[in-house]
2 protein chains.
Amino acid sequence: MDSFSKLKVTECETPIVTVDLDIMERNIRREQDYFDGLGLKFRPHVKTHKIPELTRLQLEAGAAGICCQKLSEAEVMADEAGATDIFIPYNIVGPKKIQRLAGLLERPGLVMTVGADSLDAALAANEAGRLAGRSVGVMIECDTGGKRAGLSSTEAVLELALEIKRQCEMVDLVGLFTFPTELTQTPAFFSEAAKKLEDNGIVPRMFSGGGTPIQWQVGGLPYITEHRAGTYIFNDKNTLGAGACTVDDCAMRVICTVVSRPSETRAIIDGGSKVFSSDPWLTGPAEAKYTFGLVLEYPEAVLAAFSEEHGTLDLSKCTERPKIGEQLTIIPNHCCTTTNMHDQIYGVRDGEIVREFKIAARGKVW
Amino acid sequence: MDSFSKLKVTECETPIVTVDLDIMERNIRREQDYFDGLGLKFRPHVKTHKIPELTRLQLEAGAAGICCQKLSEAEVMADEAGATDIFIPYNIVGPKKIQRLAGLLERPGLVMTVGADSLDAALAANEAGRLAGRSVGVMIECDTGGKRAGLSSTEAVLELALEIKRQCEMVDLVGLFTFPTELTQTPAFFSEAAKKLEDNGIVPRMFSGGGTPIQWQVGGLPYITEHRAGTYIFNDKNTLGAGACTVDDCAMRVICTVVSRPSETRAIIDGGSKVFSSDPWLTGPAEAKYTFGLVLEYPEAVLAAFSEEHGTLDLSKCTERPKIGEQLTIIPNHCCTTTNMHDQIYGVRDGEIVREFKIAARGKVW
């Protein structure tokens, strides 16, 4: 891989994914200060960057621990970022994953917690604990509006908790979690579930919510003790569209070159879905859902379509239009998936590349 | 990375991307025989797999050369697959890319051709030729309905060709190309362009079309001398939906595990956009565009949504429904982007893993 060290961004080959380090450091600091001020634990989700050095920065800023979304991500962060408290908010299911979780549990000084929304998943975690000879933390996943995984009734939460108490001697039932936090539904669900659990002698220690767009509104919500967020470290067009950040908070900037001007109203850039991912814009107007990023130099340009290595820009609303060879700076729709397309990204200060970050946990799928 | 050698697929940790080798070998053989039968040159696009060993198989089957979509892909294939004739159907623009192209041109025995739809791009190729002291092939890109890059008038094609003749002494103007082939528009455009060029003393040697879904219909089209296709080696749900293959031709099969059954009509699998990509289904009914793969064991199941590591299955149309822990075999929407999410994929024969293929050109973005 070429080293871009000390080059000006404008001198780099494109496409290239850069991170403005001043912005990123501000995001890390602001986030931790905010949750410290609310008296909530903050647990950054490192799937957004998958970079051990950035995990270290988040931990050094005061994070309570981290989230990973995969066992293999957790291994990388335990090995290379000094992470000692890892929560995987995901069902760990299947014999090989149980073995891998057991391997993590065997590491001295590493606290592991996993998610579960079924007895199968809790028994799997328990089996890992048995193999390792050590207890494993479990948080019960609650669906409080996300309609993805998770139990959608507090009765089911009680049932699972009682079964865990009965059958899972290696499981430490830590508490409840959900994603994302819904401002009324989540505290309502958690409080109702907590009451049922407490009536049965089970006292959850942690109520964990999450999400970057919603985070500025979770202050003062009852029955939340922890917040998890990943995107905030870089921010992106989804976060912008949700009103949860400004362009000046967007640290991730993808640099592309205009390689074709096939018509007055069209440009082609050298970044497509293999640079950005194909993730849509979830927080804009419905008709703009399948547009793919904000071009800072030409904010009226619409990144209207991707092929794998072509980005098609609709310039029809632009008064000024770019030329072939011009560099464009683009805020991607979804920084978490953009990072994962790449083997490395580049830290920038004052327009100069100063760091190369290896995406050490890129492509970790199990 | 764990080795899965000699494991049954059913014993593997998931998610895992497998390639049925019998199916793949049949696809390679059928494709080459088909184009040999038509008397057309066939040039496989290796961006679909990015695997040197598979490039070798395609070349050994009789391919005329290969396509890459990036200079760095070309470097990998020249280094590791013995490729000696590489066409990059893309504008190579910018000083660093010019240097990189020159580096490729300096390799003895390697024939390089690039695309151009502007004088800027042709001059860039020419500059690479000057730096290398060697001529470079250029194919003029024509937009014959693709509405991406390419010149959309034959007048513009003539103009560019004349400028190349005047200013680009290191450029060997090989011919014209487009993507994808449109059955009436492409031959009409090529023949009109050819006539204008020939009237001006320029004789194109190659007329190159492309695309997997359209390929079975290009036989007998006038003014086509070569076809380029990538997807055919694996096929996918896009190719299925276009009627250009059957399920038995789909070599790429992503194996996932059901990790949650949050409701009667929903399952969560351990593969999301970071396993499959978020690419939509382009060849099905409009309302199914944003569904994400075909589940072979439960064909009525709809892969309705992806998060990064969760796939949400809508089971409402299924008479039988999967349990937690069950393995599912999924044909992805778009094999080219699925491959690129991974560092390796696994060759399977008779349900057993027999090969691990490193995706050597994965993540090559410039």
Side-chain angles (χ1 to χ4, degrees), chain A residues 2 11-16 47 69-70 90-97 100 117-118 120-121 124 141 143 147-152 257-263 266 268 270-271 273-275 277-280 290 305 307-310 312 323-325 336-337 340-343 362-363 365-366, chain B residues 2 11-16 47 69-70 90-97 100 117-118 120-121 124 141 143 147-152 257-263 266 268 270-271 273-275 277-280 290 305 307-310 312 323-325 336-337 340-343 362-363 365-366:
Chain A
D2 285 9
E11 296 169 333
C12 290
E13 191 159 6
T14 67
I16 181 180
K47 69 180 172 69
Q69 204 72 338
K70 292 275 135 175
Y90 201 89
N91 293 297
I92 304 301
V93 166
K96 290 206 142 60
K97 290 196 187 111
R100 197 183 274 261
D117 68 358
S118 67
D120 292 78
E141 184 163 8
D143 181 345
K147 296 204 178 331
R148 196 173 62 179
L151 298 170
S152 46
T257 300
V258 175
V259 296
S260 175
R261 280 297 312 277
S263 79
R266 193 187 325 138
I268 303 293
D270 60 358
S273 64
K274 285 180 176 174
V275 169
S277 90
S278 312
D279 277 20
Y290 298 102
S307 301
E308 292 156 56
E309 306 285 7
H310 301 68
T312 300
K323 296 181 169 52
I324 292 174
C336 312
T337 49
N340 190 56
M341 303 312 299
H342 299 275
D343 295 323
R362 200 219 73 74
V365 289
W366 54 75
Chain B
D2 284 11
E11 296 169 333
C12 290
E13 190 159 5
T14 66
I16 182 178
K47 70 180 172 66
Q69 204 71 340
K70 293 274 136 175
Y90 200 90
N91 292 298
I92 303 302
V93 167
K96 289 203 142 62
K97 292 198 185 109
R100 197 183 275 260
D117 70 355
S118 67
D120 292 78
E141 185 163 7
D143 179 347
K147 296 205 178 330
R148 198 173 62 180
L151 298 170
S152 46
T257 299
V258 175
V259 297
S260 177
R261 281 295 313 276
S263 79
R266 194 187 323 140
I268 304 293
D270 60 358
S273 63
K274 286 180 175 174
V275 169
S277 91
S278 311
D279 276 20
Y290 298 102
S307 300
E308 292 156 57
E309 306 286 5
H310 300 68
T312 300
K323 295 181 170 52
I324 292 174
C336 311
T337 49
N340 190 54
M341 304 311 300
H342 300 276
D343 295 323
R362 199 218 75 73
V365 289
W366 57 73

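All chains are named by letter (A, B, ...) in the order of the sequence lines, taking the proteins before the strands, and each is independently numbered beginning at 1. Predicted model, so just to flag it, every value in this text is computed and none were measured.
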Exercise. B:S260 and A:A149: which non-hydrogen atoms are nearest, and at how many Å?
Worked result: OG-CB, 4.0 Å

Problem set entry | Residue selection (most heavy-atom pairs with chain B, distance under 4.5 Å) from A:K323, A:R362, A:R261 | A:R362

Exercise. Can you tell which of A:E11, A:K70, A:H310, A:M341 has the highest number of heavy-atom pairs within less than 4.5 Å of chain B?
Worked result: A:H310

Exercise. Among all residues two or more places apart in sequence or in another chain, which pass the side chain to side chain contact (heavy atoms under 4.5 Å, CB included) test with A:S278?
Worked result: A:S273, B:S278, B:D279

Seminar exercise, completed: Whatever's closer than 4.5 Å to a heavy atom in chain A on B:A121 counts as neither

For this session: Measure B:S277 against the heavy atoms of chain A and call it side chain, backbone, both or neither at under 4.5 Å.
Result: neither

Exercise. Are any of the side-chain heavy atoms of A:K47 and B:K274 separated by less than 4.5 Å?
Worked result: yes

Exercise. Is any side-chain heavy atom of A:D143 closer than 4.5 Å to a side-chain heavy atom of B:R266?
Worked result: yes

[X] portion near chain B, given a 4.5 angstrom heavy-atom threshold:
X      : answer
A:L151 : neither
A:E308 : side chain
A:K147 : both

For this session: Using a cut-off of under 4.5 Å on heavy-atom pairs, state which of B:G325, B:S152, B:C336 scores highest against chain A.
Result: B:C336

Problem set entry | For chain A, the option from B:E309, B:R148, B:E141 that forms the most heavy-atom pairs under 4.5 Å | B:R148

For this session: Determine, stepwise, if the pair A:K96 / B:T14 fulfils side-chain contact (heavy atoms from CB on, under 4.5 Å).
Result: CA-CA 9 Å; A:K96 290 206 142 60; B:T14 66; over 6 Å; no

For this session: Please round to the nearest 0.5 Å and tell me the distance separating atom CD1 of A:I92 and atom OG1 of B:T257.
Result: 11.0 Å

For this session: With rounding to the nearest 0.5 Å, note down the distance linking CG in A:N91 to CD1 in B:I324.
Result: 7.0 Å

Exercise. Taking only residues two or more places apart in sequence or in another chain, which ones pass salt bridge (Lys or Arg N to Asp or Glu O under 4.0 Å) with A:D270?
Worked result: B:K97

